[in-house]
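Have a look at the structure below, then the notes.
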Amino acid sequence: MEYQFSEVESKWQKKWSDDHVYRTSDDDSREKFYCLEMYPYPSGKLHMGHVRNYSIGDVLARFKRRLGFNVLYPMGYDAMGLPAENAAIKMDIDPEEWTLRCIEIMQKQQKRMGFSYDWEHYVNTCLPDYYRWNQWIFLQFYKNGLAYKKKASINWCNSCGTVLANEQVIDGQCWRCDNNVVEKDLEQWFFNIRKYADELLESTEKLTEWPEQVRLMQRNWIGKSIGTEIHFPIADSDYSIPAFTTRPDTLMGVCYLVLAPEYPLIPELIQDSQKKAEIEDFITRARRKSKIERTAEQVEKEGIFIDRYMVHPITGENMPVFIADYVLMDYGTGAVMAVPAHDQRDFEFSKKYDLPIKVVITPDRKDPLKLEDMKEAYVDPGYLINSGEFNGLEHMAAKTNITEKLKEKGLGDFSTTYRIRDWLISRQRYWGTPIPIIYCGKCGIVPVPEDDLPVILPKDAKFTGEGNPLENSPTFKNAICPVCGSDARRETDTMDTFVDSSWYFLRYVSPKLEDKPFDKNLAEKWMPVDHYIGGITHAILHLLYSRFFMKALRDIGLADIDEPFSRLTTQGMVLKEGEVMSKSKGNVVDPGELIETYGADSTRAFMLFAAPPEKEYDWNDAGIHGVSRFLNRIWTLIHEKKELITEYKDKTDSLDLNSKADKQLARVIETTTKHVTESIDHLHFNTGIAALMEFLNEIRDFSIEHPEYADTPSRASLFARAMIRLVSLLNPFAPHITEELWEHMGFEDYLSVSDWPAYDESLMKAEEKTIVVQVNGKVRGNLIIPADLPEEEIKRRAPELDNVQKFISGGIKKIIYVKDRLVNIVV
RNA sequence: GCGAGAGUGGCGGAAUUGGCAGACGCGCUAGACUUAGGAUCUAGUAGGGUAACACCUGUGGGGGUUCGAGUCCCCCCUCUCGCACCA
């Protein structure tokens, strides 16, 4: 009877679904386990990365379920985004229709893989019953000062025709289309994530079950710097320009001040300058450069003196003010105090423009550092020199001292700066959540009243590929002011789709709720997610935004939860010939074909067997035969012995172990159980499956060596015990075939929800053990001894081995014994 | 440049954390069964060496600690990822 995977797999998929085997219960006293996978963007087909992601999650969900946990294991779709809109432009199809069609295909494939999702816990972010809650949350944020609008110099992608968040600009290029990003000034909506910068940073420490790499990336992204903000009054004016520095100890070494080209005060400062035109020209050129040009490594710093001077806050000396392209407007205050002797960039700038350099820190007090000896800036610790009243201070102490002094004079204070920017959420696109705001000529910015939600995307939009379709939809754009009733204009920007994914895991707990985004009690019951599995590509954006959302929602009072994800696993990418699979490269492996050829069980088990979850895997499907063969061997063996197993299946506990082989098999049953249990716990699925393969090999050896076992009741029950255990342990990796075999062996309940086997330590003890005998650390023989042989006896017997004798003729210095493992004879 | 991680057979990968390196699988070789097999089964498979053992060498390279090192320490090389004029 040959194994027909396609029949068996669809049979069980139907049964599981019909009988709601994986349905989650909210009303359940068992310990909860929330297993979450990063939901997919429904681009159409499932790819190998998805298969890997969901295979990992499904094993965990199935394992925990069988261990007696009440498991929430949902799936949904991150359904808003550009591809649907591009499809609309190209194929003249409604984005919603296109998306829903893709979801249908994708979901079918997921079902075909047999993942144990509870499909009643489902979200689809492109439907108004989801995105209305994005709008609702936006309004709560707005009320609480967490959403605001401001004119901002933003990152603009000409090719996508939209604004991008800082996080979406990679090496100065658009994260999606790789086109160069340019700067533009626009009125945009922001979420105030900076407000949570400190908490996000601090609570990173609590995420002990996250990969260290991800925590580090988050920390770097937040980029906290502690320092001092110093005010530099501008000579002959009332202005004062603040500059942030982490090195206030070098204040006495300041030689000039440098402003970013975008610095807002510049037009006023240069108003009366004779060089005005020249300076303006410089600024225009600097701003026209793309970010990539401006920040490239070897680019020489360029600047221009603006004919103004600042007053040194301590000495009162007048010093020049420059504009330079290497100063960034979006970090610190957009102004830098230049200390050429102790900052490499300032050093280079001074050399280029022949500006003074003043050494104020020396590593050696007795032999002070001299400018003539310096080929580069000195940035290491030291003592202050040429610093008047601060001379001789150690530089760390000087930081405090000098800041205190500035504080006294009202010209500075301790300050903390973050690299992270507020999250720009406006997108000039159609296929996203409309921002629920109305602009009224009389009342200004008016939030859409909650009762009027959702603001639904119009059906009359035209997709020409130019501009925002919502701008050109009169039914959408024209509105009535909810406050005064006069004609008004609706906000036509939509939200970044990262808003959708920042709280979808909360919607899963009560996906059909109609009056709130999620049920507070249920959220507090299920959250945090116990195990979150997804790609490393989301290590910063999605995870940071979600963490921010959780904290913001907590402070608004929607749920008392600090962190959304307790444990995080970032699965390695699936590559092909060392490259990321992509349609443009034409190197995409279609899991659909694998399923057709080998079945879902083989496909997912192989994916897990091929490499540990966190590692990259360069796809090579040669190995899938091995897993497929393994499943077929189990199938064959069970069908050869089906009657026997059925007969003895209820007598597997009364073991009567007579021979060495019996005891050996009985032991392997237990050690394999232990090994597989631990390997799932530790996410070492590859070794878990390997242990099951070894287990099968043992059983087959046993049945070949003891063909008479069928006639011996004790052996028959031992054999049955082994086969039942094998099938049971294999179930999370290959759920369909094991469920079928379970049935064939005469069991009536679903294996997928039956108890996970415990292991019996008493059966794991061996009567005999093998001890390795070494001479000077090299293996020279084995000693097979009774398990309870005392140490002295082992040490006595080891040197007697034939092969050992010839190596110890020089005389034994000492003998080292490692319990149950080895004897090392030192000569 | 800074930060993190990784280098083990022809390949994917194991190694109870300092104790038999190469589990398990792929591939390959030989054989069996077969009209045939890219199906299945059996045996072998790190390199050298041997009739077979023995033995020697071996975890990117070089040193060190130890009875004993893939694992710990120091130096170097290579690769991958993240950040990158952050004041």
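Bear in mind the structure is a predicted one, so any value in this text is a computation, not a measurement.
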With rounding to whole Å, what would you report as the distance between B/rC24 and B/rU45 at their C1' atoms? 15 Å

Below 4.0 angstrom, which residues in residues 621-633 of chain A have at least one non-hydrogen atom near RNA chain B? A/Ala622, A/Gly623, A/Gly626, A/Arg629, A/Arg633

Out of B/rU42, B/rC20, B/rG19, minimum distance to the side chain of A/Arg700 belongs to B/rU42

Tell me, with the steps shown, if A/Arg725 and A/Thr672 meet side chain to side chain donor-acceptor pair (under 3.5 Å). CA-CA 9 Å; A/Arg725 189 68 61 89; A/Thr672 304; over 6 Å; no

Between A/Phe322 and A/Phe349, is the gap from one ring center to the other below 6.0 Å? yes

Could you check whether A/Lys674 pairs with A/Glu670 (Lys NZ or Arg NE/NH1/NH2 to Asp/Glu carboxylate O, under 4.0 Å)? no

To the nearest Å, give me how far apart NZ (A/Lys224) and P (B/rG3) are. 21 Å

For the residue pair A/Thr245 and A/Thr228, confirm or rule out a side-chain donor-acceptor distance under 3.5 Å. no

Provide the Watson-Crick or G-U wobble partner of B/rG70, both distances under 3.5 Å; none if there is no partner. none

Can you check the distance between B/rG82 and B/rG70, where both ends of the measurement are the C1' atom (answer in whole Å)? 27 Å

pair_partner(B/rG82), Watson-Crick or wobble, both distances < 3.5 Å, evaluates to B/rC2

Strand partner of B/rU34, provided both Watson-Crick or wobble distances fall under 3.5 Å: none

Check the phosphate of B/rC67 against A/Lys795, side-chain N and O only, distance under 4.0 Å to OP1 or OP2. Yes or no? no

Can you tell which of B/rC24, B/rC55, B/rC86 lies closest to the side chain of A/Met693? B/rC24

What's A/Val826 touching, base or sugar-phosphate or nothing? Going by heavy atoms closer than 4.0 Å. sugar-phosphate

From the options B/rC24, B/rG13, B/rC81, select the nucleotide whose nearest atom is closest to the side chain of A/Asn686. B/rG13

For A/Ala690 and for A/Asn620, find the nucleotide of RNA chain B with the closest heavy atom, then tell me which residue's nucleotide is more 5'. A/Asn620

Could you check which of B/rA87, B/rU57, B/rA14 has an atom nearest any side-chain atom of A/Arg345? B/rA87

Taking a pair as Watson-Crick or G-U wobble with both distances under 3.5 Å, which nucleotide is matched to B/rU45? B/rG27

Can you find a side chain N or O atom of A/Thr687 that sits less than 4.0 Å from OP1 or OP2 on B/rG13? no

Please report the distance separating the C1' of B/rU57 from the corresponding atom of B/rG22, rounded so that it comes out in whole Å. 15 Å

Rounded off to whole Å, could you give me the CZ-to-P distance for the A/Arg419 and B/rG3 pair? 16 Å

Verdict with reasoning, A/Tyr331 to A/Ser225, per side chain to side chain donor-acceptor pair (under 3.5 Å): CA-CA 11 Å; A/Tyr331 183 77; A/Ser225 292; 3.0 Å; yes

Once hydrogens and angles are ignored, does a donor-acceptor distance under 3.5 Å link the base of B/rC85 to the side chain of A/Lys301? yes

Please pick, from B/rA14, B/rA87, B/rU16, the nucleotide with the shortest atom-to-atom distance to any side-chain atom of A/Asp343. B/rA87

Are A/Lys576 and A/Asp618 ion-paired here, with the side-chain N under 4.0 Å from a carboxylate O? no

Could you tell me whether A/Leu216 contacts a base, only the sugar-phosphate backbone, or nothing, with contacts defined as non-hydrogen atoms closer than 4.0 Å? sugar-phosphate

Within 90° of 0 counts as syn, otherwise anti: where does B/rG9 fall? syn

Closest of B/rC83, B/rC20, B/rG25 to the A/Phe609 side chain is B/rG25

If the plane angle is over 60° it's perpendicular, under 30° parallel, otherwise tilted; pick one for A/Trp619 and A/Tyr617. perpendicular

Which part of the nucleic acid, if any, lies within contact of A/Asn697, taking any heavy atom under 4.0 Å across all strands shown: a base, the sugar-phosphate backbone alone, or nothing? sugar-phosphate

Where does B/rU66 land, syn or anti, given syn is within 90° of 0? anti

Thinking salt bridges, do A/Arg215 and A/Glu212 make one under a 4.0 Å N-O criterion? yes

Report the nucleotide, chosen from B/rG68, B/rC20, B/rC55, that has the shortest atom-to-atom distance to any side-chain atom of A/Phe807. B/rC55

Nearest-angstrom distance from the residue atom CZ of A/Phe322 to P of B/rA87: 22 Å

Could you check whether the side chain of A/Glu212 and the base of B/rG5 have a donor-acceptor pair of N or O atoms closer than 3.5 Å, going by distance alone? no

Between A/His625 and A/Tyr598, is the ring centre distance below 6.0 Å? yes

Which nucleotide in the list B/rC86, B/rC55, B/rC20 gets nearest to the side chain of A/Gln774? B/rC20

When we call it a touch if two heavy atoms are under 4.0 Å apart, what does A/Lys806 touch: a base, just sugar-phosphate, or nothing? sugar-phosphate

Considering just the side-chain nitrogens and oxygens of A/Arg219, establish if one lies under 4.0 Å of OP1 or OP2 belonging to B/rG82. no

Which base, if any, makes a Watson-Crick or G-U wobble pair with B/rU17, both distances under 3.5 Å? none

Atom pair CZ/CG of A/Phe609 and A/Leu692 - distance to nearest 0.5 Å: 10.5 Å

Between B/rA21, B/rA87, B/rA23, which nucleotide has the shortest distance from any of its atoms to the side chain of A/Val779? B/rA21

Answer yes or no: does a side-chain N or O of A/Lys778 lie under 4.0 Å from OP1 or OP2 of B/rG68? no

Look through every strand shown and name the nucleotide pairing with B/rU59 as Watson-Crick or G-U wobble, where both distances are under 3.5 Å. none

Once you round it to whole Å, what is the distance between C1' of B/rA84 and CD1 of A/Ile540? 12 Å

Rounded to whole Å, how long is the line connecting atom CG of A/Leu608 with atom P of B/rC26? 17 Å

Pairwise P distance, B/rG5 and B/rC85 [rounded to whole Å]: 24 Å

Determine the Euclidean distance between corresponding P atoms of B/rG10 and B/rG47; express it in Å to zero decimal places. 7 Å

Quantified in whole Å, what is the P atom distance between nucleotide B/rA43 and nucleotide B/rC81? 43 Å

What is the distance, to the nearest angstrom, from the CD1 atom on A/Ile689 to the P atom on B/rG25? 12 Å

Which whole-number value in Å describes the distance from A/Asn776 CG to B/rU66 P? 15 Å

Which nucleotide wins on minimum distance to the side chain of A/Val818, given the candidates B/rG12, B/rC86, B/rG19? B/rG19

Taking only Lys NZ, Arg NE, NH1 and NH2, and the carboxylate oxygens of Asp or Glu, determine whether A/Glu348 and A/Lys352 approach each other closer than 4.0 Å. no

Rounded to whole angstrom, note down the P distance from B/rA46 over to B/rA54. 14 Å

Looking at every strand, decide which applies to A/Arg215 at a 4.0 Å heavy-atom threshold: base, sugar-phosphate, or nothing. nothing

P spacing across the pair B/rA39 / B/rG58, given as an integer number of angstrom: 39 Å

A/Lys576 NZ to B/rG12 P, in whole Å, measures 14 Å

Pair A/Tyr353 + A/Phe305: ring centers closer than 6.0 Å: no

